[in-house]
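These notes are about the structure you will find just below.
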2 protein chains.
Amino acid sequence: MDSPRQKRSAQDNTAGRPGDSLDTRMLEGLVGYNARRTWLAISTVFSERMAAYGLKQVDFSVLSLLAHNPGATSRQLCATLDIQPPNLVSLISTMDGRGLIERRPHPHDGRAIGLHLTAAGVQLVQDAEQTVIELEQDASARLTTRERETLIRLMQKVYR
Amino acid sequence: MDSPRQKRSAQDNTAGRPGDSLDTRMLEGLVGYNARRTWLAISTVFSERMAAYGLKQVDFSVLSLLAHNPGATSRQLCATLDIQPPNLVSLISTMDGRGLIERRPHPHDGRAIGLHLTAAGVQLVQDAEQTVIELEQDASARLTTRERETLIRLMQKVYR
DNA sequence: TATTGTTATACTCTATAACTATA
DNA sequence: TATAGTTATAGAGTATAACAATA
């Protein structure tokens, strides 16, 4: 207890010296804070490397889901990714305009539209998934393979 | 390899059946995806319980940092929390207006402003921190104490 | 009556350029 | 010349209400 690391009395007023880093032990003891920082760190690398494909995180998630779930509906994507239907409309429309996906009438439900990757879409997702896997390795390079598996397992234990 | 869990051929077109959940194994193998979901899960509980204090996540982070770093400057808060200076202005102003913090001339630097909690601020942070600790326990209740420590340690290994 | 996809819209969050006062 | 705080503003991201077509 009472680790001397970054120890600084709350009485004296030395925190304001510019250049000094702050005592963040309280925040760093929280799962939420650390989860956000972790996501932000990966997110930065993701944005850098995926710009080459013209894909943001949501774009990648949607395309990757369609690669493994051909014919999925807009509604299913929304439920899976926890996004609101109106916010998916322009994304789908853009992907369609880029020739990456196509909308086909749904076989069982006249209200719904089945979403499918085009040949170009399949190729792009294949490359993008490979890039994401590499980028994730690099962004979490300080973890061993076993630690990475443990981390993912524990995170899923929280939210799943 | 080739686990039968959620196995579904990419050829047949069964994904579009409403009510079906999608195969998310690719995304769930990514640190970034899981970190975001984890943060989102905690975030939801946080918003619910911290509404009583009128505090959002950033608000809490700033006030808690000031509790443990009296006299910290706006610049230091920005660097610590990775937010842009302009986005902190209205937050600080609001906290000042609520009588939770006060701005004092900085002892060593005439450009800077030292930020301090008021007595009311100290009391609020004390209560809020307690609520956050409880809320975190509840939101990560499926983790043992040891697992929670491991999770935090591994997350910090990624971003720190 | 409920659900799918959609439009319009608003609100929050985050980022950038440019100014002032001080170092 | 550089830095702290600030203003104004623009762009993402996210949320709600309401509608037409179909179940």
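These numbers come from the heavy atoms of this one structure, side chains and all, not from hydrogens, waters or symmetry mates. The sequence lines fix the lettering, A, B, ..., with proteins before strands; numbering per chain opens at 1.
Checking the phosphate oxygens (OP1, OP2) of D:dA2, no side-chain nitrogen or oxygen of B:Arg75 falls inside 4.0 Å. OP1 or OP2 of C:dT12 has not a single side-chain nitrogen or oxygen of B:Lys56 nearer than 4.0 Å.
Summarising the geometry, the separation between CD1 on A:Ile83 and P on D:dT16 is reported as 14 Å, rounded to the nearest angstrom. Note: CD (B:Gln57) to C1' (C:dT14) measures 15 Å, nearest angstrom. Nucleotide C:dG5 holds its C1' atom 19 Å from the CZ atom of A:Arg104, rounded to whole Å. Distance, A:Leu77 CG to C:dT6 P: 12 Å, rounded to whole Å. Rounded to a whole Å, the NE2 atom of A:His106 is 13 Å from the C1' atom of C:dG5. One can place CG of B:Leu88 at 12 Å from C1' of D:dA4, the figure rounded to the nearest angstrom.
Atom CE of residue A:Met26 and atom CD of residue B:Glu129 lie 4.0 Å apart, to the nearest 0.5 angstrom. Rounding to the nearest 0.5 Å gives a distance of 9.5 Å between CG of A:Asp59 and CD1 of A:Ile92. Atom-to-atom distance recorded for A:Gln76:CD and B:Leu22:CG is 4.5 Å, nearest 0.5 angstrom. Rounding to the nearest 0.5 Å gives a distance of 8.0 Å between CD1 of A:Ile83 and OG of A:Ser61. The line from CD of A:Glu149 to CZ of A:Arg153 is 9.5 Å long, rounded to the nearest 0.5 Å. The CG atom of A:Leu143 sits 8.5 Å away from the OG1 atom of A:Thr150 when rounded to the nearest 0.5 Å.
For DNA chain C, none of the residues of residues 89-102 of chain B falls under the heavy-atom distance limit of 4.0 Å. Only at 4.0 angstrom or more do the heavy atoms of residues 38-46 of chain A sit from any atom of DNA chain D, so none qualifies.
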(request) Let me have a per-nucleotide readout for nucleotides 16-23 of chain C, 5' to 3', with B, S or -, counting only protein heavy atoms under 4.0 Å. (result) BB----BS

(request) Please report the C-alpha distance between A:Arg49 and A:Glu134 in whole Å, then the side-chain angles of each, then the deciding distance to 0.1 Å, and finally whether the salt bridge (charged side-chain N to carboxylate O under 4.0 Å, His left out) criterion is met. (result) CA-CA 10 Å; A:Arg49 306 223 192 150; A:Glu134 288 166 10; 5.5 Å; no

(request) Tell me, with the steps shown, if B:Leu55 and B:Leu124 meet side chain to side chain contact (heavy atoms under 4.5 Å, CB included). (result) CA-CA 10 Å; B:Leu55 297 181; B:Leu124 186 86; 4.0 Å; yes

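The aromatic rings of B:Trp39 and A:Trp39 lie parallel to each other, their planes meeting at an angle below 30°, with 60° marking the opposite boundary.
Of all heavy-atom pairs between A:Met155 and B:Val31, the closest is CE-O, 3.8 Å. Closest non-hydrogen pair, B:Arg98 versus B:Tyr53, comes out as NH2-O, 2.8 Å.
Toward the 5′ end of DNA chain C lies the nearest nucleotide of A:Arg103, the other residue of the pair A:Arg103 and A:Arg36 mapping further downstream.
At the heavy-atom level, B:Ile113 lies under 4.0 Å from the strands shown only through sugar-phosphate atoms.
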